[in-house]
Amino acid sequence: MLRREREFREQTSAEKHAEAAEHGFDSWDEYVSFCEDAEPQGLLERGIGVAGPDESTVDEAFWLDHNMHGSFEFHGSSDDVEDGFSWSYEARFTRGNLDAIVFLGERGGGGPDDYRSDEPATVRF
């Protein structure tokens with residue numbers, strides 16, 4: 001199983017100036033000052049995220065092999081069904097290898113009490 005990793009570094013002066021100019025400011029300091037005083041809506045209207053400027057930037061992005069050992073659940077749902085419908089699966093790993101995906105069941109109707117606990121279906125790898 002691969003996991004996306006990133007290493008960060010501080011932006012150079014030129015990178016900071018380019019980011020500030022991209023949002024219509026003459027300098028990094030003007031950009032930071034505006035973001036500190038602005039309401040979230042004002043930031044969004046200028047195309048700036050609500051977190052504001054960040055002096056760091058991604059230096060390197062890479063994928064790291066993560067030897068998962070254990071299991072985790074993942075869930076899905078469909079908004080097309082009026083009463084709501086969701087399903088659950090469990091992925092089981094041993095020392096990084098996917099061993100099985102188990103169908104845990106589905107819910108439909110309107111609430112957690114409507115859970116139908118059929119015999120789990122397992123797909124082994």
Side-chain angles (χ1 to χ4, degrees):
M1 180 170 169
L2 297 177
R3 180 180 67 216
R4 183 174 178 219
E5 294 288 330
R6 296 181 293 174
E7 291 182 1
F8 294 88
R9 64 171 171 76
E10 187 173 330
Q11 290 189 58
T12 65
S13 295
E15 290 170 327
K16 289 179 184 178
H17 181 74
E19 182 178 332
E22 179 182 324
H23 294 290
F25 298 95
D26 294 328
S27 72
W28 177 260
D29 292 335
E30 181 185 348
Y31 176 39
V32 170
S33 178
F34 171 83
C35 293
E36 288 174 346
D37 297 333
E39 296 292 323
Q41 187 62 32
L43 294 172
L44 295 174
E45 288 171 0
R46 297 236 7 204
I48 303 169
V50 292
D54 185 357
E55 292 190 13
S56 65
T57 188
V58 175
D59 185 38
E60 184 181 356
F62 54 93
W63 292 91
L64 183 65
D65 189 6
H66 177 70
N67 287 325
M68 173 72 178
H69 188 80
S71 63
F72 65 91
E73 281 189 36
F74 53 100
H75 309 272
S77 64
S78 176
D79 294 334
D80 297 336
V81 180
E82 283 185 31
D83 291 337
F85 179 75
S86 62
W87 52 91
S88 300
Y89 290 88
E90 180 181 67
R92 297 177 180 170
F93 290 85
T94 303
R95 292 182 292 282
N97 294 315
L98 177 62
D99 293 327
I101 296 179
V102 179
F103 179 70
L104 298 177
E106 57 194 40
R107 297 184 202 276
D113 296 333
D114 297 327
Y115 184 74
R116 294 192 302 269
S117 58
D118 302 323
E119 183 66 30
T122 303
V123 177
R124 300 221 178 264
F125 294 91

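Predicted, not measured: the structure shown is a model, and the values here were computed from it. Start at 1 with the first residue, then count along the sequence.
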Q.
Could you go through Leu104 and Trp87, starting from their C-alpha distance and side-chain angles, then the distance that decides it, and tell me whether this counts as side-chain contact (heavy atoms from CB on, under 4.5 Å)?
A. CA-CA 7 Å; Leu104 298 177; Trp87 52 91; over 6 Å; no
(Q) Show me the pairs that pass side chain to side chain donor-acceptor pair (under 3.5 Å) and involve residues 24-36, at least two apart or across chains. (A) Glu19-Tyr31
Q: Using the rule that two of Ile, Leu, Val, Met, Phe, Trp, Tyr join whenever any of their side-chain heavy atoms come within less than 4.5 Å, decide whether Phe103 and Phe72 are in one cluster.
A: yes
Q.
Test side-chain contact (heavy atoms from CB on, under 4.5 Å) on Arg95 and His69; report intermediate values, then the result.
A. CA-CA 5 Å; Arg95 292 182 292 282; His69 188 80; 4.0 Å; yes
Q: Assess whether atom CD of Glu39 is packed by more than 12 heavy atoms of other residues, nucleotides or ligands within 6.0 Å.
A: no
Q: Taking all heavy atoms of Leu43 and all of Val50, pick out the closest pair and write down the distance.
A: CD1-O, 3.8 Å
(Q) Measuring from atom CZ of Arg4 to atom CZ of Phe62, what distance do you get when rounded to the nearest 0.5 angstrom? (A) 10.5 Å
Q | side-chain contact (heavy atoms from CB on, under 4.5 Å) evaluation trace for Phe8 with Asp59 | A | CA-CA 5 Å; Phe8 294 88; Asp59 185 38; 5.9 Å; no
Q | Test log, rule side-chain contact (heavy atoms from CB on, under 4.5 Å), inputs His17 and Gln11 | A | CA-CA 10 Å; His17 181 74; Gln11 290 189 58; over 6 Å; no
Q: Quick one: sort the Phe74 and Tyr89 rings into parallel, tilted or perpendicular, breaks at 30° and 60°.
A: parallel
Q. Is a side-chain donor or acceptor of Arg46 paired with a backbone partner of His23 at a separation under 3.5 angstrom?
A. yes
(Q) Between Arg9 and Glu7, does any NZ, NE, NH1 or NH2 come within less than 4.0 Å of an OD or OE carboxylate oxygen? (A) no
Q. Going from CG on Asp65 to CD on Glu5, what distance comes out if it is rounded to the nearest 0.5 angstrom?
A. 11.5 Å
Q: Using side-chain hydrogen bond (donor to acceptor under 3.5 Å, both in side chains) as the criterion, list what pairs up with Thr12, not counting sequence neighbours.
A: Glu15
